[in-house]
Structure formats: C-alpha cells, structure tokens
*Asks:* 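Quick one: structure below, then a few questions.
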Amino acid sequence: MIFKNNLAFAQRLDQQDPLHHLRDEFLFPQQNGAPFIYLCGNSLGLQPKSAREYMSRQMDNWENLAVEGWFEGATPWMFYHKELKALMANIVGASAAEVCPMNTLTVNLHLLMVSFYRPTAKRFKIIMEAGAFPSDQYAIESQVRFHGYDPKDAIIEVAPRAGEATLRTEDILDTIATNGAETALVLFGGINYFTGQWYDMPAITKAGHHAGAVVGFDLAHAAGNVPLQLHNWDIDFACWCSYKYQNGGPGGISGIFVHEKHFADTSLDRFAGWWGYQEEQRFKMEKGFTPEMGADGWQVSCTQVIPMSLYHASLKIFEKAGFIAPLRQKSLQLTAYLEYLIQEVNTQLGFEQYKIITPKDLADRGAQLSIVAQHHAKEIFNALVAKNVLGDWREPNVIRLSPVPLYNSFQDVFHAAEYLMAISKDLISPKQ
Ligand SMILES: *Cc1c(COP(=O)(O)O)cnc(C)c1O
C-alpha cells in the first residue's frame with residue numbers, strides 16, 4: 001500500500017478497518033482531560049471495559065456461594081480454567097489440552113525448565129539469545145546453577161554481529177548446529193522485548209530438534225501479537241504472560257503450552273502440587289502424585305479465579321475479533337504506517353534522527369517498533385508524554401512504540417508521528 005502523510009488518509013484507513021470499533025471495548029488512561037494515544041500495549045495492555053464485570057461475577061460467586069463456588073454457580077471455579085483454555089488455544093495455535101492458565105510467567109518458566117531442562121554430563125548447555133529479558137536470564141542462570149553447572153560453561157548466548165542490532169537467523173542456526181551435541185535446551189524469546197525482533201521459531205525448533213535438544217519459547221511479547229502455531233511447529237513447551245498484548249491486567253495470570261507428545265511421558269520431572277493431580281481423583285486426597293493428562297498436569301496450586309476472570313474478559317474480545325489472523329492483517333498495516341511516518345520525520349529533518357532497530361521485514365516483527373533517537377532522546381520521550389503520547393522508554397536512547405490492532409487506530413499513529421515531528425523540529429535544527 002502507498003501511504004500518505006495526512007489526517008484524511010489515516011481517517012480513511014480507520015473507516016475501512018473492520019476492527020476499528022473494538023477500541024470502544026477498552027478504557028484509555030487520561031491526562032489533562034484527554035485520553036492518551038496509548039502505544040504501550042507491549043508493556044501493559046489496556047483494561048477491557050468488561051473486565052470489571054467479569055471480576056465482579058466471581059466476587060458475587062464468592063459472596064453468595066463461598067466455598068460452594070468451587071462446584072456451584074454458572075462457572076464453577078473448579079472448571080473455570082477450561083473456558084480460558086479453549087480461547088487461549090486459538091491465540092497460540094494449540095489444542096485446548098496443550099495450554100493452561102496458571103501462576104505468573106517467570107514462575108512457569110522455572111516449572112517448565114524443571115521438566116524440560118534435564119542436563120547430563122554430555123548435554124548440559126542452553127542456547128539462548130543475548131540480551132534476553134532479565135527475568136529470563138536470571139531464571140536460566142539459576143536453573144543452571146541448581147543443576148550444579150556454571151552459567152559461564154553452560155549458557156551459550158547468540159549475539160548480534162558487530163554494528164548490528166538484531167540476530168541473523170543463520171547465526172542462531174549455526175550456533176545450534178555447532179554446539180548441538182552438548183545442548184540440552186534451546187530457549188528463546190518469541191519476540192525480543194528490546195528490539196522487537198520476531199525470531200524464526202519454526203527454523204529454530206527444527207534446528208534444535210535436529211541437534212537432539214529440547215526447544216522452548218518465552219512468548220511474553222509474541223502471544224496475542226503475532227500468529228503462532230505452537231503445535232504444528234512442534235515446539236516442546238512455551239509460556240507467556242497475559243498482561244502485555246493480551247490485556248490480562250497488572251500481575252495477570254500466565255499461560256503455558258506443553259506439546260501433546262509429552263503428555264504421557266512419565267519420565268519428566270515435575271514440581272508437583274495438588275492442582276496438577278488427576279482432576280477426577282483430586283479430592284480423594286491420596287498419597288502418590290498422578291498428574292492430570294495435558295498441560296493441566298503442570299498446575300501446582302489451586303486455580304487463581306480473579307486473575308483468570310480478567311484474562312477471560314480480554315480473551316472474549318480476541319474471540320470477537322476472530323482471533324489473531326484478522327488482527328495480524330491490521331497490525332501489519334498499522335505498524336508499517338508508523339514506520340513510514342517516522343521515516344517522513346527523518347526526511348523532513350534531513351537526517352536519520354530516528355533509527356528503527358526493529359527488523360524491516362514484516363515476517364520478523366510484530367506490533368512494536370524500537371526507535372533509537374540520536375539526539376535529545378529522553379527529552380523527546382518526555383515531550384511525547386506531555387502531548388499524551390505514551391510509549392515506553394529504554395535506556396539509553398530507545399523509544400518503543402507499539403500500535404496494538406485491538407485498540408489503536410491509524411489516526412492514533414498519525415497523531416503520534418505528527419507530535420514527534422513538531423517536538424523534533426523544536427529541539428533539533430533541521431539539516432538540509
Ligand atoms: C514481561 C516479561 C517477563 C515478565 O515476567 P513476570 O514473571 O510476569 O514478571 C518475563 N520475560 C519476558 C521475556 C518478558 O517480556
């Protein structure tokens with residue numbers, strides 16, 4: 001599509017957008033009496049208007065049924081997670097049995113590594129991306145130490161080449177091939193939080209399996225953002241948080257994926273708890289752990305009804321949208337429009353003040369653009385916030401903007417770039 005840098009064009013795209021009305025399902029934060037142009041859904045998704053009601057229903061159940069709420073009411077808590085599983089499966093490309101809402105993300109990463117990082121004297125290494133989200137680094141380092149290895153020996157990080165910001169797939173695959181015989185686990189982010197790079201998940205999985213390793217992904221920035229086929233790509237396990245692109249609320253519940261090929265493997269270690277016990281037999285309270293078949297068998301503690309209710313509200317909006325395929329179609333255009341408008345700002349300034357480090361190729365990114373501001377980065381970010389444009393800031397000079405197809409419009413993107421232009425002209429003298 002040929003983009004144009006004017007409001008009428010952005011308005012026309014909004015009129016043609018079949019998902020435009022979905023933004024009415026969300027609450028936008030305000031500043032000085034006006035809503036923010038919210039481009040921070042990569043960090044915390046907006047609150048669905050329906051979330052309060054979904055939560056309220058469970059508060060009512062608690063009020064009216066108390067302990068009987070586990071088995072009584074419209075959505076007995078004992079089985080409530082099943083309603084979410086069916087919806088979550090559509091978000092990540094899995095069967096309902098392969099996913100489960102539980103705990104929070106880093107906790108799940110640990111629990112899944114207990115099952116899927118099983119180092120031996122010969123195979124004990126983990127291959128991951130350099131610059132992974134810190135929580136993942138800490139989790140992986142501590143797991144390695146827990147098994148008696150030194151992270152310096154056991155962790156191989158794939159880094160960008162000198163002068164480059166993102167990873168080359170060939171370098172990832174080479175690293176896996178070269179170290180394959182010693183690698184127990186390949187554990188990557190789906191999309192890197194800093195650069196917005198979407199890794200080639202099927203290729204990484206194939207290479208990892210070819211080397212004889214287990215392959216897992218942290219999908220914090222990918223789930224709800226890009227189309228995933230976790231089952232068909234033959235990924236062993238994955239986890240994600242619900243509060244970024246999936247609007248599950250601060251500290252929201254996490255989701256896990258375990259490929260069905262592992263369901264019957266009784267050799268897998270687990271940190272067990274009563275909620276992972278065979279559902280039908282759970283309340284017999286017997287000695288000796290027998291897991292429920294499927295991802296549910298990785299549950300530990302009793303189900304978190306209130307956080308699930310918030311996630312549920314948002315998943316129902318995804319269902320209304322037709323899940324990821326239509327959202328992705330809009331997202332590709334929306335992000336490309338933002339990219340185009342940022343280049344327009346550079347053109348008007350006469351130099352590349354804003355360098356986008358997120359890959360240009362649409363297959364290698366989701367909704368996020370990470371923008372290095374060459375001059376006055378922090379001042380520009382603050383000035384955008386003052387103009388009601390909320391992105392997020394990463395030291396030392398990166399502004400991340402994420403137009404989210406569920407609730408952002410082409411006009412949002414247009415106005416954000418318009419303010420960026422005005423602010424930049426104020427702070428930087430154009431070079432012709
Ligand atoms: C956001 C994010 C987290 C956060 O983990 P929590 O346990 O939910 O606090 C972890 N890993 C990645 C890759 C993230 O993007």
Side-chain angles (χ1 to χ4, degrees), residues 39-46 84 88 91-92 99-114 116-117 126-144 155 157-159 166-167 172 185-199 201 204 215-226 228 230 235 237-257 271 298-301 304 306-308 310-311 314 357-358 364-370 391-395 398 400-402 404:
L39 300 175
C40 208
N42 59 314
S43 189
L44 184 71
L46 290 180
L84 277 81
M88 290 160 72
I91 304 265
V92 296
V99 297
C100 188
M102 59 189 228
N103 310 315
T104 42
L105 174 54
T106 310
V107 171
N108 285 338
L109 198 56
H110 275 296
L111 292 175
L112 290 166
M113 286 182 76
V114 165
F116 294 107
Y117 174 54
I126 299 178
I127 299 180
M128 63 184 292
E129 85 244 44
F133 193 85
S135 199
D136 297 42
Q137 296 182 37
Y138 309 149
I140 292 169
E141 284 168 11
S142 62
Q143 285 278 337
V144 161
I155 298 176
E157 292 188 340
V158 188
T166 52
L167 297 185
I172 301 173
L185 175 65
V186 176
L187 182 51
F188 261 72
I191 291 181
N192 182 271
Y193 80 101
F194 188 79
T195 63
Q197 179 178 17
W198 182 17
Y199 300 116
M201 296 170 60
I204 292 171
V215 181
F217 285 92
D218 181 330
L219 301 174
H221 285 263
N225 177 11
V226 289
L228 301 168
L230 301 188
I235 286 162
F237 71 93
C239 48
W240 56 92
C241 51
S242 63
Y243 53 79
K244 290 172 181 165
Y245 290 97
Q246 295 185 77
N247 320 304
I253 199 158
S254 165
I256 67 159
F257 163 86
F271 281 176
W298 270 264
Q299 294 176 99
V300 178
S301 293
Q304 295 152 264
I306 299 298
M308 277 202 306
L310 300 176
Y311 189 19
S314 175
I357 58 172
T358 305
D364 298 337
R365 71 185 191 197
Q368 170 189 330
L369 294 181
S370 301
D392 83 347
W393 171 256
R394 288 288 152 179
E395 293 294 341
V398 174
R400 297 186 302 177
L401 300 179
S402 299
V404 173

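Nothing fancy with the numbering, it's 1 onward along the sequence. Remember, it's 1-based here, ligands and their atoms both numbered in the order they're listed.
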*Asks:* If you have a sec, work out which protein heavy atom is nearest atom 11 (N) of ligand 1 and how many Å separate them, to one decimal?
*Replies:* D136 OD1, 2.6 Å
*Asks:* Measure the spacing between CZ of R400 and CG of L39 and express it to the nearest 0.5 Å.
*Replies:* 12.5 Å
*Asks:* Hey, can you tell me if F188 and F217 have their rings parallel, tilted or perpendicular (30° and 60° cut-offs)?
*Replies:*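 Tilted: the ring planes of F188 and F217 meet at 30° to 60°.
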*Asks:* Does the N or O separation between H221 and ligand 1 drop below 3.5 Å for any pair?
*Replies:* yes
*Asks:* Among all protein non-hydrogen atoms, which one is nearest to atom 3 (C) of ligand 1, and what is the separation to 0.1 Å?
*Replies:* F133 CE2, 3.3 Å
*Asks:* For atom 8 (O) of ligand 1, what is the closest protein heavy atom, and at what distance to 0.1 Å?
*Replies:* Y243 OH, 2.6 Å
*Asks:* So, does S370 use its side chain to make a donor-acceptor pair with the main chain of F194 at under 3.5 Å?
*Replies:*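 Yes: the side chain of S370 pairs with the backbone of F194.
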*Asks:* Y193 vs H221 aromatic rings, parallel, tilted or perpendicular, using cut-offs 30° and 60°?
*Replies:* tilted
*Asks:* Pick, from D218, N103, T106, I191, the option with the minimum heavy-atom distance to atom 7 (O) of ligand 1.
*Replies:* T106
*Asks:* For ligand 1, which atoms sit closer than 4.0 Å to a heavy atom of A220?
*Replies:*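 Contacts of ligand 1 toward A220, numbered from 1: 2 (C), 12 (C), 13 (C), 14 (C), 15 (O).
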*Asks:* For atom 15 (O) of ligand 1, what's the nearest protein heavy-atom neighbour? Residue, atom name and distance, please.
*Replies:* K244 NZ, 2.5 Å
*Asks:* Is Q246 reaching over with its side chain to a backbone N or O of Y311, donor-acceptor style, under 3.5 angstrom?
*Replies:* no
*Asks:* Could you tell me which non-hydrogen atom of T104 sits nearest to which non-hydrogen atom of S254, and how far apart they are?
*Replies:*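 Distance-wise, the nearest heavy atoms are C-CB, 3.4 Å.
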